[in-house]
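Values below: all heavy atoms of this structure, side chains included; hydrogens, waters and symmetry mates excluded. This is a predicted model, so every value here is computed, not measured.
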Amino acid sequence: MLLFFIVGLLVHFVFFASIFDIYFTSPLVHGMAPQFPPLPAPARRLVLIVADGLRADALYKVDENRNSRAPFIRNIIMHEGSWGISHTHVPTESRPGHVALIAGFYEDVSAVAKGWKENPVEFDSLINESKYTWSWGSPDILNMFAKSVGNHVFAYSYDANNEDFGAQDVTKLDTWVFDRVKDFFHAARNNQSLFSKLNEEKIVFFLHLLGIDTNGHAHRPTSREYEDNIKIVDNGIKEIVALIKEFYGNDEKTAFVFTSDHGMTDWGSHGAGHPSETYTPFVTWGAGIKYPQKVPAQQFNDAYLKEWKLEYWKRQDINQADIAPLMASLIGVPFPLNSVGILPVDYLNNTDVFKAESMFTNAKQILEQFKVKMTQKKEVTLPFLFTPFKLLSDSKQLDLLRKARSYIRQGKYDEAVFLCKELIHLSLKGLSYYHTYDRFFLGINVLLSFVGWASYTSLLIIKFHSSLSRGVSKEVKKPSHLLLCSFVAIGILMAFFLLIQACPWTYYVYCLLPVPIWYAVLREYHVIQDLVASLLAFPPSHFVGYLLACALGIEVLVLSFFYRYMLTAGLIIFAGWPFITQLWTRAKSISLSWIFFCLLLAVFPMMPVVGRKPDIFLVMGAGLLVLLLSLFVVPSLIKRKDGFVSDKLFLHLLQMLGTVLSMYIVYSTHNNLLKKQGLPLFNQIVSWIILGSSFVVPLLSPRSLSERLFSILVSSMSTYLLLSTGYEALFPLVLSCLMFIWMHMEQEILQLSGVPCVQKVTSIHFSYNADTTPFRQLCLEDIRRAFFLVFFLVTAFFGTGNIASINSFDLASVYCFLTVFSPFVMGALMLWKIFIPFVLVMCAFEAIQLTTQLSSKSLFLMVLVISDIMALHFFFLVKDYGSWLDIGTSISHYVIVMCMTIVLVFLNGLAQLLTTKELRLCGKPKSHLI
């Protein structure tokens, strides 16, 4: 069985990785020739200013007196330049946003493995194409454009430790940039070498301003700190613009671009596709940019224009990737080779021939990517299997290019621009076509593996843990050599097919995996025969009823990923469980407790997912409830007559002290951050100690079922309080109470079914090797138990938030541990916050296996089958069309289910460790302990 779990883990890792190979491979290609603009550029230099985390509405809106918090930018919009909204794409994080701005393409998710900081794939950018670039700001952003690009890029950044969400004044991150830029230009007057470089053409100044983003995370975008930071940025830009104009003697050869990489939700997070995250400001002025255009009316899908009092100033929305070609055309450098942005010609204040020629260069640059992508795919595909993109054949390409060039010569510039846009759209479609060329083929192979694995697991359950296959003769015939030879031949043919097409090694894994899996399934043909015979003997109406019940249950689980209120509906149905059994008449008090806690837990999925304001008093209330429960247990410990009373009482009081300390640290940290005094070192050290001890302290408690589970709850709650900001602090407590009642309910059900020798819950002890004693066979009731477990696991995931969305994570949750930005540490802490309810459910599951006299392997296998069926649902629901929010959510759902299946193996081991291991502070352990 150990071998089965190891193989199962590897198989599920393959399933998990497949989604990234099928949907998340890098879209970049290399080997394109750069496309140079043929006409002189309007600007000699470009100033790019990016206010990280700035929402469009936060910049543009005015107060009741029509006063703007950014008067300088407002004046630019009305008197000097053009403006609009830049629409970003998911994930709305800093690195992907800057890559879209400066390199012109939307980055693939592989960058998350580098914390959105490093370059997983090398790419071209505006900075790389410039003659010189000087940049100031965060090291996380500057370094990814400064690395491996030669000695023409100069980056000046502050220390990463300055990015502290708990700092007294994070606007210093922006004032630092403005001060350094001023010092730089003042020093250039006395440095002849630098002065000559600054007077070259095709140079870029890049100012990255992180203060607004940091204030948004720490205080929310509606806070005074966030709004004041906008004023500081606006004033800083005003001073820098004046300084640069003076330095260059007002030569009118400087183009300015002001924008943001992403927005921010009202609750201070970003990453998903909410309009508050994807709508960012875009204001540009200076050389080559159109002046403001007054219009009588404008039509947009939102109501922002009236709210911002800008309904008469022409708004021109663009996609974020379109900014890179615009900036390239302004200073006359080649468009970034990997750019998929479309030049927004309406922003240009230049001749029609310049616009047409720039658009023609843009079209050739994107077409070049299409041609390289097509050549790469053609080279590794057998000629008779290759299907070209029919909408853009070689003749079509030449025809469109020839026509566009002809229109430019004839002075038909609008027609040329239109034709170039058509060519760009076709090229982008073709790029997508070749990028997803193998998707269907890989998907079919993964599907075959999925179905085969679920079938094989089900057959193992029937073979070893049910009475269906007991009638089979012990002398089972060995499978014929023909079966083995057939599958070996299929594997060899598939490997040869992949080899002659020079496929990557991962393709071998996905395509060859179904072969051994289906061989293993067909080897168990005697079990399949027994299963078919049993199903034929089963009453058809009962069979259909059970099948519908199973299908309905799994559909409810799947729907709960999209609609959290389905969890509420499921819990309400669970509350009625005692009434459809004899439990209501047999154990009324337990039944009433079950109904109460089911309905209480059903409230949580109806609460707001995110957007909630921190409520420190609810966290304190949860801590007080844990203390009350702990005090309730103290008398029972004192009354004990065994030799370990003092040890147990000491341990119990130690855990209560941990809870008190957690409450103090949460309250103290909250107040310190409100006063902008930062995270106290004492609080930080104690928080990490409490987190570490939560894994060890439960192992010191007795292995009595009730005592061990209570110890795990109290230790987990101490950590969970430190990671809580509001009502979610109550969730593990209510969930644990329901789990405790569930154990009693299952024992009552077992007694009703007539199973002899059922121990009381209070007399059961966790055994280190639970499967050494004989257990009963599975029955239909156990399928219900496995479904309950999966339902409670999903509830543990989605009970207090939609973790399928990146923006559901509130950075305030980790402020007791650290406030300096560290994506991996913060991510690990927030994941552990999610896992704590998960661990509590798994520990309860361990107890239920003991109370119901079931082998842990049998129930665990059933849970894996249910999880795999859910994963198969989401595999079909993954899509690469529609809004970016829909695409990202569909993929994250699949990833979550696959993670749940894989993590379930590890958490099952952790739950066994927490429930069965026992440590002693002093004295010799009892002989039966390890």
Side-chain angles (χ1 to χ4, degrees), residues 1-25 109-110 112-113 438 441-461 463-465 479 484 487-488 490-492 494-495 498-499 503-524 771 786 790 793 831 835 838 842 855-875 878 891-913:
M1 190 54 76
L2 178 63
L3 178 63
F4 171 80
F5 278 114
I6 293 171
V7 172
L9 198 60
L10 292 174
V11 168
H12 282 89
F13 270 121
V14 172
F15 291 159
F16 176 77
S18 68
I19 203 70
F20 295 100
D21 256 343
I22 295 172
Y23 290 94
F24 277 150
T25 51
V109 81
S110 60
V112 76
D438 296 326
F441 172 67
L442 293 175
I444 289 294
N445 282 283
V446 173
L447 172 62
L448 286 171
S449 299
F450 247 123
V451 175
W453 181 258
S455 303
Y456 181 62
T457 309
S458 303
L459 290 174
L460 284 186
I461 294 170
K463 183 179 180 179
F464 294 110
H465 302 285
L484 177 60
F487 275 93
V488 169
I490 291 169
I492 292 171
M494 179 61 76
L498 296 171
L499 184 65
C503 292
W505 67 269
T506 51
Y507 282 39
Y508 289 84
V509 176
Y510 304 136
C511 298
L512 293 176
L513 186 62
V515 177
I517 289 177
W518 278 102
Y519 172 69
V521 170
L522 294 180
R523 277 189 64 188
E524 305 293 341
D771 279 355
V790 177
L793 289 174
L831 280 177
F835 284 151
F838 210 148
M842 289 301 294
S855 163
S856 61
K857 295 183 182 73
S858 58
L859 265 179
F860 188 68
L861 286 173
M862 284 196 294
V863 169
L864 285 180
V865 171
I866 294 171
S867 299
D868 282 344
I869 294 171
M870 288 173 61
L872 196 57
H873 267 72
F874 288 116
F875 186 79
V878 169
I891 292 171
S892 63
H893 283 161
Y894 175 79
V895 171
I896 286 168
V897 176
M898 286 313 304
C899 282
M900 190 170 78
T901 308
I902 294 169
V903 170
L904 204 58
V905 178
F906 292 106
L907 288 186
N908 185 57
L910 178 61
Q912 284 188 355
L913 178 71

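With sequence neighbours excluded, no residue forms a ring-ring contact (aromatic ring centres under 6.0 Å, His included) with Y510. Every residue meeting the side-chain contact (heavy atoms from CB on, under 4.5 Å) condition with L459, not counting sequence neighbours, appears here in chain and number order: V521, E524, V527, I528. Residues passing the side-chain contact (heavy atoms from CB on, under 4.5 Å) test with A786 are L859, M862, V863, I866, sequence neighbours excluded. Take I492 and apply the side-chain contact (heavy atoms from CB on, under 4.5 Å) test, not counting sequence neighbours, and it matches V488. Every side-chain hydrogen bond (donor to acceptor under 3.5 Å, both in side chains) that D438 has, sequence neighbours left out, goes to K377, Y507. Residues meeting the side-chain hydrogen bond (donor to acceptor under 3.5 Å, both in side chains) test with Y456, sequence neighbours left out: none. Legend: residues meeting side-chain contact (heavy atoms from CB on, under 4.5 Å) with V515, ordered by chain and number and at least two apart, are F487, I490.
Here I461 contributes atom CD1 and L861 contributes atom CG; the two are 5.0 Å apart, rounded to the nearest 0.5 Å. Atom CG of L460 sits about 11.5 Å away from atom CG of L864, to the nearest 0.5 Å.
At a threshold of 4.5 Å between non-hydrogen side-chain atoms, the residues H873 and V897 do not count as touching. Using a 4.5 Å heavy-atom threshold, the side chains of L793 and M842 count as touching. Side-chain contact between F15 and L513: present, with at least one pair of heavy atoms (C-beta onward) separated by less than 4.5 Å. By the 4.5 Å heavy-atom criterion applied to side chains, F835 and L910 are not counted as neighbours.
Closest approach of Y508 and C503 over heavy atoms only: CE1-O, 3.6 Å. Contact detail for S18 and Y894: the closest heavy-atom pair is OG-OH, 3.9 Å.
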Under 3.5 Å, sequence neighbours excluded: what are the donor-acceptor pairs made by side chains of residues 444-452?
from: N445; atom 1: ND2; to: F441; atom 2: O; distance (Å): 2.8
from: S449; atom 1: OG; to: N445; atom 2: O; distance (Å): 3.1

Identify every side-chain donor-acceptor pair in residues 6-13 under 3.5 Å, counting partners at least two apart or on other chains, and give the distances.
from: H12; atom 1: ND1; to: G8; atom 2: O; distance (Å): 2.8
from: H12; atom 1: NE2; to: D868; atom 2: OD1; distance (Å): 2.7
from: H12; atom 1: NE2; to: D868; atom 2: OD2; distance (Å): 3.1

